[in-house]
There are 2 protein chains.
Amino acid sequence: MGADAEHMQKLIEAQDRFVASWGQMAGAWGISRTMAEAHALLYITGRPMNTDEIMDRLQISRGNASMSIRALVDWGIISRTHKRGDRKEYFEADQDVWSMFRSIVRERMKREVEPLLATLFEIRDASPAPDEGSDAAQEDLLAHQRRLDEMLTFLQTMERLSHRFISPSGSGLELAAQLLTGLDR
Amino acid sequence: MGADAEHMQKLIEAQDRFVASWGQMAGAWGISRTMAEAHALLYITGRPMNTDEIMDRLQISRGNASMSIRALVDWGIISRTHKRGDRKEYFEADQDVWSMFRSIVRERMKREVEPLLATLFEIRDASPAPDEGSDAAQEDLLAHQRRLDEMLTFLQTMERLSHRFISPSGSGLELAAQLLTGLDR
DNA sequence: TGGTTGTTTCAGAATGTTTTGAAACCAACG
DNA sequence: CGTTGGTTTCAAAACATTCTGAAACAACCA
């Protein structure tokens, strides 16, 4: 066995380990294990793969592969490609970790924070205004309003933050992060 | 019916809605729905409650309440209190949204990012070094190393960021957030 | 000590999520 | 058209998580 073959085996082993540990994080990112694994695979191998290759490598069913891949495409962290003379669809992972991260945050803000914000506004509007009643009751209502507002302000700040640094143009986040961590002591 | 009673009912309704929508976010924060609801309840009512009150209000079993409360205490976002002349334990939520957020991030970094980082370091060390073999193979190994390193760097940056702004002393995060969002245009 | 009150544990039940595999679908090509 | 190569869908099965309720435990008090 040549050095190449030997290395290749270790490489594949390392890739598999990467895939597995990435899969464990799945829950944390709000995606299913398979989704995470598929993404990890595409990221760490760094080359486009088609559905069958992914199925084989991860030992999953066609249906599962299809679903997971589609979801990843929806999230915007992998993209479709094609190979000349091959009718199959190929998929490749965004190779820029920061832009990957931006996609994830963007998507989660959209799916989780935005709806929550909307609901909280509704609740605030439907909450009784502290305009009458006994002093004690008024005090309660005011405190209630204050707590709602604090939460709203917090979430809005987060949203603005994310829009600014995560979403559209660029590397704002990375720069900022490095800047901020750089401010040592 | 007096204005107070009327208001009180609406207030309770608003609280329930808050609890419910907070509960929906549960998955997102990596905690169970009940945990989220219990926390929401304590936060929005703003007063210490004991296990029985929480059970009754959320319509959950004693076991579930006990588990969820304990977990919240472990996360550091609610704390035990006592009432004079009452043997029951009471619990109250951190009323500062930012410090709450810091606790959550701290805990999740500890539980999710730190172990992942450790594993990735291991994987990197076990990956074959590109010291011999054909050029093409070397190229592959180098690319693999590069991808691992990028991910490691990213996660380490995140960790440093979180340690700096989230963890120990203070309001670093809030300040930073306001600062950053303030930098408009 | 025995009784009373309050808390934790845990096996099994209920519920929710993910995966499979086969069938339906779709587009291109001869 | 009808066949081929490929992708998507979806009901049922496997799996995982969460919840219940009753029993065990612990602390306090008379």
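Proteins come first, then strands; the chains are lettered A, B, ... in the order of their sequence lines, and each starts at number 1.
- Rounded to a whole Å, the CZ atom of A:R62 is 18 Å from the P atom of C:dC25.
- To the nearest angstrom, P of C:dT20 lies 10 Å from CG of A:L58.
- Under a cut-off of 6.0 angstrom, the local environment of CZ in A:R33 is sparse, with at most 12 non-hydrogen atoms contributed by other residues, nucleotides or ligands.
- Ring geometry, B:F101 versus B:W98: the interplanar angle exceeds 60°, so the pair is classed perpendicular (tilted spans 30 to 60°).
- Atom CD1 of B:I31 and atom P of C:dG16 are 17 Å apart (whole Å).
- Of the candidate nucleotides D:dA27, D:dG21, C:dT8, C:dT8 has the atom lying nearest to any side-chain atom of B:R70.
- At whole-Å resolution of the value, CG in B:N50 and C1' in C:dT8 are 16 Å apart.
- OP1 or OP2 of D:dT18 has not a single side-chain nitrogen or oxygen of B:N64 nearer than 4.0 Å.
- The B:S66 side chain lies nearest to C:dT9 when the options are C:dT19, C:dT9, D:dT9.
- Between the P atom of C:dT8 and the CG atom of B:D74 lies a distance of 11 Å, rounded to the nearest Å.
- Shown here is A:D135, whose CG atom has no more than 12 heavy atoms of other residues, nucleotides or ligands within 6.0 Å.
- The 5' end of DNA chain D is approached more closely, in terms of each residue's nearest nucleotide, by A:R33 than by the other of A:R33 and B:S32.
- A:I60 has its CD1 atom 8 Å from the P atom of C:dT19, to the nearest Å.
- Checking D:dC19, C:dC10, C:dT19 against every side-chain atom of B:S61, the shortest atom distance belongs to D:dC19.
- Of the candidates C:dT7, D:dC19, D:dT8, the closest approach to any side-chain atom of B:T51 belongs to C:dT7.
- When each of D:dG6, C:dT8, D:dT8 is scored by its nearest atom to the side-chain atoms of A:K88, the top-ranked nucleotide is D:dG6.
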### Task
Begin from the C-alpha positions of A:S68 and A:N64 and carry the test side-chain hydrogen bond (donor to acceptor under 3.5 Å, both in side chains) through to its verdict.
CA-CA 6 Å; A:S68 301; A:N64 193 3; 3.2 Å; yes
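- Rounded to a whole Å, the CE atom of B:M67 is 15 Å from the P atom of D:dG21.
- Atom CE of A:M55 is separated from atom C1' of C:dT18 by 16 Å (rounded to the nearest Å).
- Nearest nucleotide to the A:D86 side chain, out of D:dG6, D:dT9, C:dC10: D:dG6.
- Tested against A:I78, the residues A:M35, A:R70, A:H39 include a single side chain to side chain contact (heavy atoms under 4.5 Å, CB included) partner, A:H39.
- Of the side-chain N and O atoms in A:T34, none sit less than 4.0 angstrom from OP1 or OP2 of C:dT18.
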